[in-house]
Amino acid sequence: MSTTVLNSPDRYTTVAVTLHWLIAVLIIGQIAGGLYMHNLPATTWKFELYQWHKSFGITVLLLSLARLGWRLTHKAPALPEGMKSWEKLAARFTHVAFYFLIIAVPLAGWLMVSASPYDLPTVLFKLIPWPHVPGIPQDAALEGIFKEVHEYMAFAIIALLVLHIGAALKHHFINRDGVLARMIPLLNKKG
Ligand code: HEM
Ligand code: HEM
């Protein structure tokens, strides 16, 4: 199967754009929700919020795996010629780090709840019982490690996001090279 037929060199495919924005919105919601729920007193409301956080988090994990699979089998459009080599390197680094984190953060969350000695069930969207990660011992110290990893990697997403949005705005308003429109095709139709 030829990748050039399926993926024009000028823009991302509809599948890539849809997955990019779906995952972006879910992740921003997960970070805000995660930080909010963390400090709540232990009530049924908090328990309920944790279930939603776990449901959307596992959704991100599955979507991100699908996205990685898509990315590995489809070519991305080339970066604009005018970019300096350090800028191209920074873009590649950010994208690879994002792919790692959008899988590693929800995975660490899942490992955390699996290692918890409380052994709380996860029921996705109040409908689908979701198992713990097989073979993970229920141990408070291990749970604590996964919790730290989950939290710090979520902070790393925030840091990358600041760089990523800054770069996207620079491409759009300063370089005016159409890079933002590759991810927001509507911009192309207007301009
Ligand atoms: C992209 C997906 C996810 C993001 C961005 C995310 C982000 C966050 C953030 C920012 C926090 C607050 C950190 C803290 O203050 O300790 C948090 C807490 C938490 N997350 Fe996630 N999370 C995701 C997926 C998941 C998944 C899949 C699970 C479990 C299946 C999960 C379970 C938890 C739990 C149990 C907490 C509360 C930890 C505590 O009480 O300290 N998360 N998450
Ligand atoms: C947590 C949220 C986000 C994540 C995880 C994320 C992740 C990514 C990744 C991994 C790529 C590379 C795609 C590939 O080559 O396969 C990408 C591309 C892109 N993203 Fe994001 N993104 C997020 C939010 C945003 C936001 C808010 C904007 C706009 C302000 C944006 C604008 C772009 C643009 C314009 C590209 C295309 C870059 C290019 O053509 O080389 N992203 N994003």
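Start at 1 and go down the list; that is how both ligands and their atoms are numbered.
- Summarising the geometry of Val105 relative to Met153, their closest heavy-atom pair is CG2-CB, 3.6 Å, with the distance given to 0.1 Å.
- Below 30°, between 30° and 60°, or above 60°: for His74 and Trp70 the angle between ring planes is below 30°, a parallel geometry.
- Considering backbone and side-chain atoms alike, Lys54 places every N or O at 3.5 Å or more from each N or O of ligand 1.
- Residues His20 and Tyr12 keep their aromatic ring centres 6.0 Å or farther apart.
- Between the NE2 atom of His150 and the NE2 atom of His53, the angle taken at atom 21 (Fe) of ligand 1 works out to 170° after rounding to 10°.
- Using a 4.0 Å cut-off between heavy atoms, Tyr50 contacts ligand 1 through its side chain alone, with no backbone atom that close.
- Residue Gly57 has at least one heavy-atom neighbour below 4.0 Å for each of these atoms of ligand 1: 24 (C), 27 (C).
- With sequence neighbours excluded, no residue forms a side-chain hydrogen bond (donor to acceptor under 3.5 Å, both in side chains) with Lys147.
- Considering CG of Leu107 and CG of Leu65, their distance stands at 8.5 Å, rounded to 0.5 Å.
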Evaluate the side chain to side chain contact (heavy atoms under 4.5 Å, CB included) criterion for residues Arg71 and Tyr99: first the C-alpha distance (whole Å), next the side-chain angles of each, then the deciding distance (0.1 Å), finally the verdict.
-> CA-CA 10 Å; Arg71 182 63 177 82; Tyr99 273 105; 3.5 Å; yes
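- Considering CD1 of Ile103 and CZ of Phe98, their distance stands at 13.5 Å, rounded to 0.5 Å.
- Backbone and side-chain nitrogen or oxygen atoms of Trp110 are examined, and none is located within less than 3.5 angstrom of a nitrogen or oxygen of ligand 1.
- Remark: distances from the non-hydrogen atoms of Val113 to ligand 1 include one below 4.0 Å.
- Under a cut-off of 6.0 angstrom, the local environment of CZ in Phe125 is crowded, with over 12 non-hydrogen atoms contributed by other residues, nucleotides or ligands.
- Under a 3.5 Å cut-off, the side chain of Trp110 and the backbone N or O of Pro131 do form a donor-acceptor pair.
- Listed as neighbours of ligand 2 are Tyr12, His20, Trp21, Ala24, Ile27, Arg67, Arg71, Ala76, Leu79, His95, Phe98, Tyr99, Ile102, Leu161, His164, Ile165, Val179, Leu180, Arg182, Met183, each bearing a heavy atom under 4.0 Å from the ligand.
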